[in-house]
Visitor: 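Before anything else, here's the structure in question.
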Amino acid sequence: MRPIRLPEPPNNSSRVPEIFDGGVYGAIRRAVVIGNGFPGAESQCLGLVRALGLSGRHSLYRVMRPRGGINRWLHWLPVSVHKKLDIFIRQIFGMPLLTKKSGLSHVLEADAKQIAKVARETFDKDGPLLVIASGRDTISVASSIKRFAPENVFVVQIQHPRSRLDRFDLVIAPRHDYYSLTPQAQQQIPWLLRRWITPCEPPGKNVVLTVGALHQADFAALRCAASTWHDELAYLPKPLLVVNIGGPSSNCRYGVDLAKQLATMLQNVLWSCGSVRISFSRRTPEKISKLLVEEFSTHPKVFIWDGEGPNPHLGHLAWADAFVITADSVSMLSEACSTGKPVYVIGADRCTWKFADFQKSLAEQGVVRPFTDIGKLELLSPQRHCRRCKSGKFGTRCTRVEN
């Protein structure tokens, strides 16, 4: 069995990052994460917490809005207005807006005034409070915390807040969020609408641009996952191909037609794979998952995770030899690309607007390829080289640590 080899951590990885060693924010030793209940957004916050060496020294709060029933059509409202409307309807009709429990009751709801008060009262003892938020619903809470305690907090907003970036100390946004400013995008926008499409100006000094999404799949997480999933994944026939299916979105539309295309392509490459593991996300439509389950559930090489039991996602990232991922998920693509293994995308031609620009960026950097029958040639390749030293084939790791 070929042992798994993961990238070595940098020297002195246990130290707090250099940016926290001195200066105004040199005393930062704690963080508050403001989430919105969606794994993709909160994972970015927690990924930054891990990268800053603050794991175990952070608290998680969430911005809650009514869910279920007709609330799905009210997400365009500001959170505060949505909550007031829910209370009003409840008082009038004696019942909520068909609200269902979100399963997040064990997490405290984010209260900007309370968090700011704690930051002020504990400043002398614990130093500045780092506040990390992600998602549209968290913008007002994070900016309010900064307004209530400007000298006691450092606020980082992940994902572009669309306006008034000066409300935050730092904004971390993907490059494709600025696609609207490119000549190609300007040609697609009617002249009368251009002033309403955000962002309206280039990134300022407090903006950090990334190619993809922040995530938690760093070297430590993958090493831990490799150990946790060793008994289940280590002995599978190689190469192991992991297929991650997301779900259609407004800027990446697809349906059963893409699922049929994927099924055909997988059938064509199965002979070159030792094992295949397929996972669906919460956004995957039932008709897509049902088609793939019917196609592969009885195939001896294929295992389909049914959503029951522990999520094998990190284990897949650690043990896979290659990935096939639907183009709709920025998070899944970002995680897979960070492993340095071959990543194949299906459905990139369905993406529009800034998501098409994201796919183009990944392809130009050589970290993804479209999933076609030629992908089987890469999976069979016995030679592996390091992408960092610009040698060998795309998306593979160095022969000095593997094979």
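We're numbering straight along the sequence, starting at 1. If you're wondering where the values come from, they're calculated on a predicted model, not measured in any experiment.
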Visitor: Is any side-chain heavy atom of Trp305 less than 4.5 Å from a side-chain heavy atom of His313?
Guide: no
Visitor: Might you work through the salt bridge (Lys or Arg N to Asp or Glu O under 4.0 Å) test for Arg277 and Glu232, ending with a clear yes or no?
Guide: CA-CA 12 Å; Arg277 291 178 67 97; Glu232 183 170 341; 3.1 Å; yes
Visitor: Could you check whether Ser180 and Arg194, counting side-chain N and O atoms only, form a donor-acceptor pair closer than 3.5 Å?
Guide: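 Judged by distance alone, the side chains do not pair up.
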Visitor: Any idea which heavy atoms bring Val207 and Leu209 closest together, and the distance?
Guide: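 Heavy-atom minimum between the residues: CG1-CD2, 3.8 Å.
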Visitor: Would you say that more than 12 heavy atoms from the other residues, nucleotides or ligands in this model lie under 6.0 Å from the NZ of Lys301, or not?
Guide: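 Enclosed: over 12 neighbouring heavy atoms sit under 6.0 Å from NZ of Lys301.
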Visitor: Could you tell me whether the side chains of Ser143 and Gln157 share a donor-acceptor contact shorter than 3.5 Å?
Guide: no
Visitor: Does Lys113 NZ have over 12 foreign heavy atoms under 6.0 Å away?
Guide: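 Check fails, neighbour count at 12 or below.
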Visitor: Please check if the number of heavy atoms outside Arg162 that lie under 6.0 Å from its CZ is greater than 12.
Guide: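 Yes - once you tally the heavy atoms of other residues, nucleotides and ligands closer than 6.0 Å, there are more than 12.
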Visitor: I'd like to know if the side chain of Ser43 and the backbone of Gly40 have a donor-acceptor N/O pair within less than 3.5 Å.
Guide: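 No; judged by distance alone, with no hydrogens or angles, the pair does not exist.
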Visitor: Hey, are Asp257 and Arg350 close enough for a salt bridge, meaning a charged N less than 4.0 Å from a carboxylate O?
Guide: yes
Visitor: May I ask you to say whether Lys260 pairs ionically with Glu295, meaning some side-chain N is under 4.0 Å from a carboxylate O?
Guide: no
Visitor: Are Trp319 and His230 close enough that their ring centres sit under 6.0 Å apart?
Guide: yes
Visitor: Indicate yes or no for a side-chain donor-acceptor contact from Thr138 to the backbone of Gly135 under 3.5 Å, with no hydrogens or angles considered.
Guide: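 Looks like yes, one N/O pair under 3.5 Å.
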Visitor: Salt bridge check: are Arg175 and Asp357 linked by an N-O gap of less than 4.0 Å?
Guide: no
Visitor: When Tyr179 is tested against each of Phe355, Trp353, Phe358 for ring pair (Phe, Tyr, Trp, His ring centres under 6.0 Å), which residue passes?
Guide: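 It is Trp353, the one option of Phe355, Trp353, Phe358 that forms the ring pair (Phe, Tyr, Trp, His ring centres under 6.0 Å) with Tyr179.
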Visitor: Do NZ/NE/NH1/NH2 and the carboxylate oxygens of Lys354 and Asp177 come within less than 4.0 Å?
Guide: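 Salt bridge: yes.
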Visitor: Kindly indicate, with the supporting measurements, whether the criterion salt bridge (Lys or Arg N to Asp or Glu O under 4.0 Å) is fulfilled by Arg283 and Asp328.
Guide: CA-CA 10 Å; Arg283 299 183 297 106; Asp328 57 276; 2.6 Å; yes
Visitor: Report yes or no: do Tyr254 and Gln261 form a side-chain donor-acceptor pair below 3.5 Å?
Guide: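 Distance-only check fails for Tyr254 and Gln261.
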